[in-house]
Every structure is written in structure tokens, then in C-alpha cells.
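The block underneath contains the structure these notes are about, expressed in C-alpha cells.
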Amino acid sequence: MKRENKKGLCETCIRKDECTYLNTNSEPVLFCEEFATGCNPVRETVDTISRGPDYDEGYEGLCKNCDNRKMCTVCKKGSPVWQCEEYA
Amino acid sequence: MARAEKELKKDEKEQRRRTVYDSVRMQFNKAADLMNLDENLRKILSQTQNEIVVHFPVKMDNGQIEMFTGYRVQHNNVLGPYKGGLRFHPNVDIDEVRALATWMTWKSAIADIPFGGAKGGIQIDPSKYSMGELERISRRFAFALGNNIGPEYDIPAPDVNTNAQIMAWILDTYLSMVPANERQRCIHVVTGKPIESGGSLGREKATGQGVVYCIEEWARDKNFDLSKATYIVQGFGNVGSWTSKLLKPKGAKLLAVHDVTGAIYNENGIDPDELAEYVKKNKGVKGYPKATPIDLEKFFEIEADIFIPAALENQITEETAPKLKVKLIAEGANGPTTPEGDIILYKRGIDLIPDILCNSGGVIVSYFEWLQNKRSEYWELEEVDCKLKKKIIPAYRRVRDTAREFNTDRRTAAYIVAIRRLEKVYQERGIFP
């Protein structure tokens, strides 16, 4: 079942060696929901934007236990916030 | 002999040489033959309208200049501005981009949204560049494209290896090229933006939500109780996981999942929310403690009501299609069924909701993002969902009815629906001069 196809997206996919999807033809893969590349800095940036920082990374002030923190785009490490209208 | 039939008669060796664009044209010709499409219109739709290739320099972190090649292919814009993603991948080439641009025309037409079809990309492996370099590459590409993109002309979106961040850079670069007093009117030059920069709520789950609306409509058609349904999913990325999570409240039971790491099964059901959490941490379904690992070959033999392929292309083949024991296949992925697989499914009487319709939730919500930006509005999630439902269900019904009208499979019917819409506009507008 291992993919023999090295063309298309598979060529740079970091999961190609473990991939279990069937491949019986030689057409290149153009779409794959599980396509992944290695250390993609852009992906990391957007993850940070959409998820917010993790709880246990040393945030201080109101941010530390704020329910909105994961969506918050302003709380920063080393910059404790003590007044915030969005604190919940 | 019809054109599509002639193409199918090519021997195996020729089929192996068939390009991606040839495959897309083959599907088009099959539908065009069946609906007896006007020969002149066939000529028009068989060609892309514009193909832009740009070569541009970017300064790397080490001070050296590197040259890059970018593409933007615009297939058709009679229904509205060109619309389609930008992908960053070393194997991006003009043939691939042509195929994907053409495919976008059909996808927009079938969903009845006022967009045409386009696609583009840069031939790079983004994992080899720093974030700063990627920003400069993206911005310089947007600059090189110049007025070949625009909020009322051609609207890029994220695709392979591109995302909301890259869209924000492209947006910012584009805005800096238009007069200052017009910038706020051009936010809709790209979709798939971060929410804060004008993105739409509901974009992340849009494709999965669309798949679920299609499945619900199929169940209504068949008088089938979805609360007693069982289903299996291939791929547990964005589409597979969202579809499963959204099917949970309907009462449907997830029996098995196959992803890049392996396949798991539990006859009593797998909780999609728990599995999604597990996959997030472990990068795959392998080792999920509340299910049993199964052989990959066995996955296709599991008896269930619905199969949702939500991974990649060419999974339902002449080898796997005969094994399937399901009533419906809802194609969350793009191109999961080969032409040979299609024939087998049709002969076996297995219902199919084709990819071009089933996973169109994404492009529909992109249209909503574009509309919100144009109107300077932010819609609530409920509004996005409601409007998505109002778009995708009529599209489902058009495909169902067309399949009955032409006594054909639903994939061909979907193409006929799309081509008919374009045909009507060409007939009304005529050809200049």
C-alpha cells in the first residue's frame, strides 16, 4: 500500500515514509488533506495567531487565567496586563 | 464516436502519459457529449483565458538574490471575477495550474456563486525558507502579478502551503499599490484572511459543514434516518474531523477511520471529538486507545451506511470500489474516485455526492468573506452557516435532478449543471464582436 509516487505533493511531504494511503496509479497527488511539510515558519505564525499562546508559558497579570486568552491577540510574554475590558 | 469515448479508448501506456489537465478536459468532454454542448462553446471552455507567468527576484537572508517563477492561470470569468487558490510547491507547473483553474470554474458554477475559475502558485519548497524570506517572496509575487489580481477581477485564496498569514501579506502588498483613498475598498482582493484582517467566521469548518448538509439532504431524499446511520472516514484532517464532529449531534455513529498513520475500528462507535484531540497530540489515529487497529485492506470492507473519503485522490479504484459495503459515498476530498472506480460504483448502485459539489462549502464561505468585505460587514457564525446551507442544498438538488434528467451518474450531472450555467450566459451575451 505504500506510496511509490514521488511526484506531486508527496515529494515534499514529511509523512511520505509512514503514509498508508493507497496508490495504484502514477498520477501526481494534487490534493491531500494530510499533506505536511517540515519546519514551515508560516504555519507556526498562523497557529500562534489563531490559537494564542499556551497557558503555562509564563504569562503574567490578568492574562494568566483569563478565559479569553487563547483568542487574545494582544497579551504578550513579559508584558503583564492589569487592566483589561475583555478579561473574563 | 464521442470525444470523451475516444479518449477513454487510449491504451494503458497513453493513459499513464495523460497529464492532469487532460484528465480535467476528459471529464468536461464526457459531460459536454452527453448534454450535446454547442461545438463553439466547447472550444471556448476547453481553453484557459489568460496564463500569466512571472519571474521575479527576491533578496535572501544571506544577501544573495534568488529568482522565482510564479503562475496565475485564469480559466474563465463570465460568471464573475476569477477565483482560486495560490499554492507554494516545487512541483507547481503550468499544466497543473491550468487543470486546477479549470476545475475552479466548474466548482464556482455548480455552487451558483458569481465567481469564475483561476489558480496560481510559486515553484518553491517553503520549508526551505525563513519566515522573512517567505514574506518577501509572497509580497514580491503579489507585486509581480500587479493588476492581474484585484478585488473585482481575480481573487486568490490559500491552498497547499499557503495560509491566512500569506494572504495577509498579499493583501497588504496589493493595498500599497492602489491609491490611498481606495485601499479600504479593496480588502476583498484575497479571501482566507485571518479573522482580524477581514476573514470570515466559519471558514475553518466550512468544507466539513457543507459535506454534512449534503449528507443530510441525501438522507431526506432517501427517507433515511441519520440518527441510526453508521459511517467510516478516510482522512482525519480538517475536512474529515469537522465532518465527523458535525455528524455527532445528528446521532450518526463513526465506526472506523483511516488516516496517514493507519486504520482503527470500533463497532460501538468512535467519539469524533475525543479522536480529534488525540490526533492533534499524536499526529494520527494510530494508537488511539478506544478503538482497535485494523488492516488497511479491511477498512474498505467495513459495512456502514456512509463512506466519507476526506484524504486524497485516487482512493476508490477498480480495486477498492468492489469491496465497499456502503449506501453512500460523500466525497470530502478532491478526486478520491478514479474513472474506473466511478463506473463500478454506478453499476453497483452506490450513491455518490461528487467532490465538486460535496466539498464546495469552502469556496462558498470564501464568497461570503468576499461579500462581507465588500459590504463592510461581519456576519455571525449562525448567519454564515445558514447562508451556506441555502447555497449548497439547492446545488445538491440541481445535481440530483440533472442526474435523473440525463440518466447519468451524479459526477457527470454535476459537470452538466456547471456547464449549463456557463452555456446560458454565453448564449445571452454572445461573442464579441
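Order of the sequence lines fixes the chain letters, A, B, ..., with proteins taken first and strands second; residue numbering starts at 1 for each chain.
- Put simply, the residue from B:Leu312, B:Asn161, B:Val160 that forms a side-chain contact (heavy atoms from CB on, under 4.5 Å) with A:Leu9 is B:Val160.
- Using a 4.5 Å cut-off between heavy atoms, B:Asp125 touches chain A through its side chain atoms alone.
- Residue B:Phe299 does not touch chain A at all, counting heavy-atom pairs closer than 4.5 Å.
- Using modelled atom types, no side-chain atom of B:Ser127 and backbone atom of A:Thr37 make a donor-acceptor pair closer than 3.5 Å.
- Side-chain atoms of B:Gln315 never come within 3.5 Å of backbone atoms of A:Tyr21 as a donor-acceptor pair (strictly under, hydrogens ignored).
- A donor-acceptor pair under 3.5 Å links the side-chain atoms of B:Arg87 to the main chain of A:Leu30, judged by distance alone.
- Closest of all the heavy-atom pairs between A:Gly8 and B:Asn91 is O-ND2, 2.8 Å.
- Remark: B:Glu301 CD is packed, more than 12 non-hydrogen atoms of other residues, nucleotides or ligands lying under 6.0 Å away.
- The main-chain N or O of A:Phe31 is found under 3.5 Å from a side-chain atom of B:Glu313 such that the two form a donor-acceptor pair.
- Between the side chain of A:Glu33 and the backbone N or O of B:Val239, at least one donor-acceptor pair lies under 3.5 Å.
- Remark: side-chain polar atoms of A:Thr20 are not paired, donor with acceptor, to backbone N or O of B:Ala263 under 3.5 angstrom.
- Of the two parts of B:Thr320, only the side chain, counted from C-beta on, holds a non-hydrogen atom closer than 4.5 Å to a non-hydrogen atom of chain A.
- To the nearest 0.5 angstrom, A:Glu34 atom CD is 12.0 Å from B:Lys283 atom NZ.
- Heavy-atom distances place no part of B:Ile195 under 4.5 Å from chain A, backbone and side chain included.
- Annotation for B:Lys298: atom NZ does not count as buried by contact number, only 12 or fewer foreign heavy atoms lying within 6.0 Å.
- The main-chain N or O of B:Val260 is never found under 3.5 Å from a side-chain atom of A:Glu18 such that the two would form a donor-acceptor pair.
- Summarising the local packing, NZ of B:Lys286 is surrounded by 12 or fewer heavy atoms from other residues, nucleotides or ligands at distances under 6.0 Å.
- Proximity to chain A is limited to the backbone of B:Ala310, based on heavy atoms less than 4.5 angstrom apart.
- Residue B:Asp93 does not touch chain A at all, counting heavy-atom pairs closer than 4.5 Å.
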